[in-house]
Structures are given as C-alpha cells and as structure tokens.
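First up is the structure itself, then whatever we jot down about it.
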Amino acid sequence: LRGRNEGNVARWSAILEEGFFLKLPVTAFRSMVKDARTTDFEQELNGVCEVMADSSNLASFLQGFDKDSIGDISLQYECDRANFLMDGCNAV
C-alpha cells in the first residue's frame, strides 16, 4: 500500500489494527508527518491517517525527480516468509 500510495482508507484499516504505530528514520530530504519526533533520528507514526500521510509525502518526494533523465521510479517490497509471522490477524 505504501509503495503505491494507496488512497483508500479502508484498505489500510483492513491491515493495520487500531493502535498501530510505525517508527521511521527522520530524513532531511523529504517532508515528515510530525514535527515533534521521538528522537532526532526517528519519528513515530500512529494510526492509519499518519501512515497514509507519510505515504503521500514519500510519493511527492519521488515524483520530484526528473523522470525524463532517470525513467520511472517505483518502490518494491519483498516479504520473506521465513522471517514473517502471522498470529491470527496480527503480523509480527
């Protein structure tokens, strides 16, 4: 969902449970969702709306590149099943 900047809240909500949080590194080269950070090095996103906002910020950053000189840009994620655990509906 993040890789394609999914705009449908229902899809995000179906995967991320209430109270979900995501810690991401702080980067100087693109917009951050929160001004107040957990540390100087990371921000903590809480819930679907903040994760979607970060997805939008990332998409805006990537769209700023000159596609004529470098071609299409996309994100790809690989989930290694050997390192992925599902407990009911919860990913660990």
Side-chain angles (χ1 to χ4, degrees):
L1 299 177
R2 187 171 187 248
R4 69 172 183 247
N5 190 25
E6 176 63 53
N8 185 338
V9 176
R11 289 187 179 192
W12 287 91
S13 297
I15 294 172
L16 305 178
E17 66 182 30
E18 192 171 329
F20 170 85
F21 69 91
L22 174 65
K23 289 186 179 181
L24 293 172
V26 170
T27 56
F29 53 83
R30 70 177 187 94
S31 299
M32 298 286 101
V33 173
K34 293 183 170 183
D35 290 330
R37 298 176 179 137
T38 309
T39 69
D40 288 339
F41 306 106
E42 67 183 18
Q43 65 172 331
E44 183 176 298
L45 306 178
N46 298 292
V48 170
C49 291
E50 289 186 1
V51 173
M52 287 181 71
D54 180 71
S55 176
S56 180
N57 288 348
L58 181 58
S60 293
F61 167 71
L62 294 175
Q63 290 170 358
F65 287 102
D66 181 9
K67 292 180 184 178
D68 292 334
S69 63
I70 59 176
D72 288 337
I73 298 173
S74 64
L75 295 177
Q76 294 181 349
Y77 296 92
E78 182 178 332
C79 181
D80 182 355
R81 290 180 185 219
N83 295 318
F84 191 80
L85 173 68
M86 290 292 290
D87 178 17
C89 293
N90 300 317
V92 179

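Throughout, residue positions are numbered sequentially from 1 according to the sequence presented. Just so you know, these numbers use all the heavy atoms, side chains as well, and skip hydrogens, waters and symmetry mates. Owing to the predicted nature of the structure, the values given are computational and were not obtained by experimental measurement.
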Any residue meeting side chain to side chain contact (heavy atoms under 4.5 Å, CB included) with F61, in chain and number order, not counting sequence neighbours: F29, R30, L58, F65

Approximate separation, where rounding is to 0.5 Å, of E50 CD and L22 CG: 10.0 Å

Considering all heavy atoms, the nearest E6-R11 contact: OE1-NH1, 3.5 Å

Side chains of R2 and D54 in contact at under 4.5 Å (non-hydrogen atoms): yes

Minimum heavy-atom distance between V26 and Q43, given as atom pair plus value: CG2-N, 3.9 Å

Of all pairs that satisfy side-chain hydrogen bond (donor to acceptor under 3.5 Å, both in side chains), the ones with a partner from residues 55-64, not counting sequence neighbours: N5-S55

Connected via hydrophobic side-chain network under 4.5 Å: W12 and F21: no

